[in-house]
Structures are given as structure tokens and as C-alpha cells.
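Treat the numbers as computed from the prediction; the structure is a model and nothing was measured.
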Amino acid sequence: MRLYIFNPDTDLALANGKGNYTPTQKVRQMINDLALLPLWFAKSGSYVLADQASNHDFLEEMNKLFKLDVELLTVSKLGSLKGSIEICPWGWNQSFRNMLGRAGIDPNNLPDDVELEAHRQLSQRKVVGELLQLFENEPDFCGFSHNLTNTKECDLFFNQMKDRGGVVFKEPWSSSGKGLLWCRDEFNVRDRNWCKRVIGDEGYVTAMPINNKVQDFAMEFYVGEATVSFLGYSLFNTDHKGFYKGNALLSNEEIERLLTKYVPKTLLDRTLKMVGDFLTQKGYKGCVGVDMMICQEAGEMLIHPCVEINYRATMGYLARVLKDNFLADDAQGWFMIRHFRTHEELVRFAEGNKVKSPLHIQQNRIYSGFLPLVPVLNSTLNLAYIEVS
């Protein structure tokens, strides 16, 4: 039996590095609002953890519309699970494991401290540099990173890069555009203090040059026992500060067609092979998303083969599943997550889009329309949805 759990704060918990991490109220709100997201990639006959029984009606409606076979499980019922259970979180960390143990999950179904610490070390941004080193002598690629341990090194790296677009400094553990410091024109006292704080708390900052990006994309993998499967491409958008905005719902073939406008398919294939080989050597099992970019340098289009490595489920993986399993073959669209200031604003948005873009489903496949992927409950402030045309 599988139990799926959406814990998008896992990178924050990894940065905390302790077993008693407590998310902020804003993060807890997001966890509760989007708790049912895993239902879209959950295996038949499995459970999704959601603390509000009011999620039940939405889950039943989706089960009927798309012939799913997923059940709801509340936190209060965790202790009733007996026998062998495969826990499938968004990502693992020590605090999350401890929470499950306190809720009554059998320790035999949970990773131990050694496994979790190995996962934490693998999830840090130092590993990005290891992968990039494999490409440093390869033509047609760009990108490098340095791990800096004092502010003098940060000053020096910025001065070396300021005429090439500047530097983005990154915390060792963060995701979705958070934990980043963009320094395009100057590295001032506030920036220096940010780096000093991160180095003091976490040991180092990762520094990467700001490349002339043309297109974000990712490769999604599943790593097994000494094997790696390519699940497909992810094409996504970010804003100028790197915050995630959404994923295009396109076939693999269409994404590859768009990418090969910039670089040859042979280069994408070489990237896939080298990254896949790297992932099989790390002793990790599960979903991995590797964020990449097409960049332009000196008139040439190059692949940046590793902006981030996410050793966990990703929004790109979810978008891949949504397109492949729930959309009609020729249907396209966008998968989005949006935060609203008030619940009333969210309701107006959702209801207005349902009227403007009514859902059209045939044989359990979406041909067009607007679909919330999670229920709109009494206090919801975050909405995951798709718009299909």
C-alpha cells in the first residue's frame, strides 16, 4: 500500500537540519490548501494524506471524472495503518519523518537517521557543482558554480562576473526561486550581510554567474536500483528573480521540437545521457528533476545542463503526468499555482474561470477548460489549476 503526502516545505526543513523544524503560518496554509495534489500522480489503490475531511467530496468527484482509485486519509488515522506501507512524500527530511513517527507510523516503514542525513547531503547545492564539472570541457555547454565560505570570496567572485551579467548567490538548501540573492550591478553592504548570515548558518553560499537565458526547461527522471528512467521534459516559466510561475502542458515531442529550435537534438541526447549516468551513481531512489536552460553566449546557443537538482517530486513531474495521463492528445495548456491575498479573491477567480472556460471531458480526458486540481475550501488562499485549450 502507498501513502502519498504533499510536504512542499521539505527543502526548508533540510536547511534547518534538525528534527523539530516548524513551518511558518504561510507555508502551513500552502500545505493544507494543496494537500490533495498527489492524487494526480498517485498509483491506483493508494491513499493521499489530507487533514481536512472536507477534501473528501472533491476527491470523490475527481475519482468519478477520471476513473481514479485514490482514497483520503486524515492525520488522525495514520496510527491505524498496519503492516508494510510505502510512504511517498514530496520529499524526505528528518522533521517530516519524526512527525510521521509521532502520528503512529511503524518505524520499519520510515528511513533512519543515516539514510536521511545522506539524503540531506545529496540535496545541497554542492552537488550541482559536481555535475557541472562533468561538462566543463564539453563544447556547446555553459554554466559553473563555486561554493564560497567567506565574504571576501563573494566580493572577488562578483568583481570577476559583474561585467558578464552579475552573480546569483544561493543558499545551500532552497527551491522554487527562494533563498536566492541576485546581484546584477553591485554587491553592497546588505548583500554582503546576506552572504555572511547564510555562511554562518549553513557553512557556505553557492555562487553562479547570471547567464543570458533564452528558455527554462528540465529533465525529469526516476532513479531505481542502479537504473534511471527518463520520464520526460518539463517546460516552465520563472520571473526575473527565479520564482516559479507555471508549467506548459505539452507533449514531450512538442517540447523537444521547441528546444531544437535552439540546439540540435544530439546535444539534448548527450545531456540526457551524461546527467542520467551521474544520477545512478548517487545511491538515491525516487523522482529527480534537473532544471536546465538554453542560454545565448557570443551569438551561440548553449545548454546549461544543471541549474538545480531536485531530489524529490517536482512541479515539472506533476505537469508531465497531467499532460500524459489526463489531457487529450492534441490538447495543450498551462499548470499554475497561485497565491491570493484573500479567500474571496480566490473564489472570484475560480468561479469566473469556470464560467469563462467550461470543462470539456470525453472518455476521462480533458479537451479544454479550467480545472482546479485541489478543492476550494472555506479558508483556501492557494490554488493549483490547469487551463487547457
Side-chain angles (χ1 to χ4, degrees), residues 125 127-146 161 164-168 170 176-177 180 182 184 206 208-223 228-281 287-310 314-317 319-320 323-324 332-335:
R125 284 196 165 101
V127 180
V128 171
E130 294 177 22
L131 177 51
L132 287 174
Q133 285 178 0
L134 301 178
F135 289 88
E136 62 182 356
N137 295 319
E138 293 278 335
D140 306 315
F141 293 96
C142 64
F144 60 90
S145 71
H146 291 294
M161 294 292 114
R164 295 175 53 182
V167 176
V168 55
K170 302 184 176 184
S176 302
L180 308 184
W182 297 83
R184 289 181 168 86
T206 292
M208 304 177 76
I210 298 175
N211 297 92
N212 183 23
K213 179 180 69 176
V214 175
Q215 178 63 59
D216 285 305
F217 73 103
M219 293 183 180
E220 306 293 337
F221 299 89
Y222 184 85
V223 182
V228 61
S229 301
F230 177 53
L231 302 179
Y233 292 105
S234 159
L235 196 73
F236 61 95
N237 283 345
T238 58
D239 65 16
H240 69 287
K241 290 189 175 181
F243 285 102
Y244 172 80
K245 294 178 66 178
N247 267 88
L249 299 175
L250 299 171
S251 68
N252 267 317
E253 294 75 18
E254 180 63 15
I255 293 177
E256 189 169 80
R257 187 186 69 79
L258 292 172
L259 295 176
T260 53
K261 289 182 177 180
Y262 305 113
V263 297
K265 184 178 183 302
T266 53
L267 197 58
L268 292 170
D269 292 341
R270 186 152 52 129
T271 306
L272 174 60
K273 175 67 166 58
M274 293 178 68
V275 172
D277 289 347
F278 177 85
L279 295 176
T280 60
Q281 301 167 13
C287 291
V288 185
V290 182
D291 293 349
M292 306 178 182
M293 295 189 296
I294 305 293
C295 300
Q296 185 172 26
E297 291 190 4
E300 288 188 279
M301 292 295 179
L302 308 174
I303 291 182
H304 189 311
C306 185
V307 180
E308 303 282 359
I309 307 179
N310 299 298
T314 65
M315 295 304 173
Y317 166 65
R320 184 74 272 138
K323 168 55 186 171
D324 293 344
Q332 300 181 353
W334 282 91
F335 160 58

Visitor: Phe236: what forms a ring-ring contact (aromatic ring centres under 6.0 Å, His included) with it, not counting sequence neighbours?
Guide: none
Visitor: List the steps and the verdict of side chain to side chain contact (heavy atoms under 4.5 Å, CB included) for Met208 and Leu132.
Guide: CA-CA 11 Å; Met208 304 177 76; Leu132 287 174; 4.1 Å; yes
Visitor: What are the two closest non-hydrogen atoms of Phe144 and His304, and how far apart are they?
Guide: N-NE2, 4.5 Å
Visitor: Are Phe230 and Leu272 close enough, and set up right, to give a side chain to side chain contact (heavy atoms under 4.5 Å, CB included), and what steps lead you there?
Guide: CA-CA 8 Å; Phe230 177 53; Leu272 174 60; 3.5 Å; yes
Visitor: Quick one: pull up CD in Glu138 and CG in Leu302 and give me the separation to the nearest 0.5 Å.
Guide: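 The CD atom of Glu138 sits 12.5 Å away from the CG atom of Leu302.
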Visitor: Starting from the C-alpha separation in whole Å, work towards a yes-or-no answer on side chain to side chain contact (heavy atoms under 4.5 Å, CB included) for Met219 and Val288.
Guide: CA-CA 8 Å; Met219 293 183 180; Val288 185; over 6 Å; no
Visitor: Are more than 12 heavy atoms, taken from residues, nucleotides or ligands other than Arg164, located less than 6.0 Å from that residue's CZ atom?
Guide: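 No, CZ of Arg164 has 12 or fewer neighbouring heavy atoms, counting only those of other groups under 6.0 Å.
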Visitor: Using 0.5 Å steps for rounding, measure from the CG atom of Asn247 to the NZ atom of Lys323.
Guide: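 Those atoms lie 13.5 Å apart.
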Visitor: If you take all heavy atoms of Thr271 and Pro305, which pair is closest and at what distance?
Guide: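 Distance-wise, the nearest heavy atoms are CG2-CB, 4.2 Å.
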Visitor: Hey, could you give me the CG/OG distance between Leu250 and Ser234, rounded to the nearest 0.5 Å?
Guide: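 Here the interatomic distance stands at 10.0 Å.
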Visitor: Would you compute the distance between atom CD1 of Ile309 and atom CZ of Arg125 and round it to the nearest 0.5 angstrom?
Guide: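 Atom-to-atom, Ile309:CD1 and Arg125:CZ are 11.0 Å apart.
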Visitor: Please tell me if the side chains of Phe217 and Met293 come closer than 4.5 Å, counting only heavy atoms from C-beta onward.
Guide: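 No, side chains not in contact.
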Visitor: Any side-chain heavy atom of Gln215 within less than 4.5 Å of one from Leu258?
Guide: no
Visitor: With distance as the sole criterion, is a donor-acceptor pair present between the side chains of Glu256 and Tyr233 under 3.5 Å?
Guide: yes
Visitor: Quick test of your reading of the model: are Asp269 and Lys273 salt-bridged, counting only N-O distances below 4.0 Å?
Guide: no
Visitor: Output the distance between atom SG (Cys295) and atom CD (Glu300), rounded to the nearest 0.5 Å.
Guide: 12.5 Å
Visitor: Mind checking whether Phe243 and Lys245 have side chains closer than 4.5 Å, heavy atoms only?
Guide: no
Visitor: Salt bridge (charged side-chain N to carboxylate O under 4.0 Å, His left out): which pairs involve residues 209-219, sequence neighbours left out?
Guide: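 As it turns out, the salt bridge (charged side-chain N to carboxylate O under 4.0 Å, His left out) pairs with a partner in residues 209-219, which skip direct neighbours, are Lys213-Asp216.
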Visitor: So which atom in Val290 and which in Phe221 form the shortest heavy-atom distance, rounded to 0.1 Å?
Guide: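 For Val290 and Phe221, the tightest heavy-atom pair comes out as CG2-CE1, 4.1 Å.
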Visitor: Any side-chain heavy-atom pair from Tyr317 and Thr314 closer than 4.5 angstrom?
Guide: yes
Visitor: Are Gln332 and Glu254 side-chain neighbours, meaning at least one heavy-atom pair lies under 4.5 Å?
Guide: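 Yes, close enough: below the 4.5 Å cut-off.
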Visitor: Do you know the tightest heavy-atom contact between Pro209 and Met161?
Guide: CB-SD, 3.7 Å
Visitor: Using 0.5 Å steps for rounding, measure from the CG atom of Asp140 to the CE atom of Met301.
Guide: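 The distance works out to 13.0 Å.
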Visitor: Hey, are the side chains of Val128 and Lys170 touching, using non-hydrogen atoms and a 4.5 Å cut-off?
Guide: no
Visitor: If you compare all heavy atoms of Ala319 against all heavy atoms of Leu249, which two are closest, and at what distance to 0.1 Å?
Guide: O-CD2, 3.5 Å
Visitor: For a quick test of reading the model, state the closest non-hydrogen atom pair linking Arg184 to Ile210 and the distance between them.
Guide: CG-CD1, 3.6 Å
Visitor: Test side chain to side chain contact (heavy atoms under 4.5 Å, CB included) on Leu131 and Met274 and set out the steps.
Guide: CA-CA 9 Å; Leu131 177 51; Met274 293 178 68; 5.9 Å; no
Visitor: Would you check if Thr206 and His146 make a side-chain contact, meaning some heavy-atom pair closer than 4.5 Å?
Guide: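 The answer is no; the side chains never approach within 4.5 Å.
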Visitor: Measuring only between side-chain heavy atoms, which start at C-beta, is Asn211 closer than 4.5 Å to Cys142?
Guide: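 Asn211 reaches Cys142 side chain to side chain.
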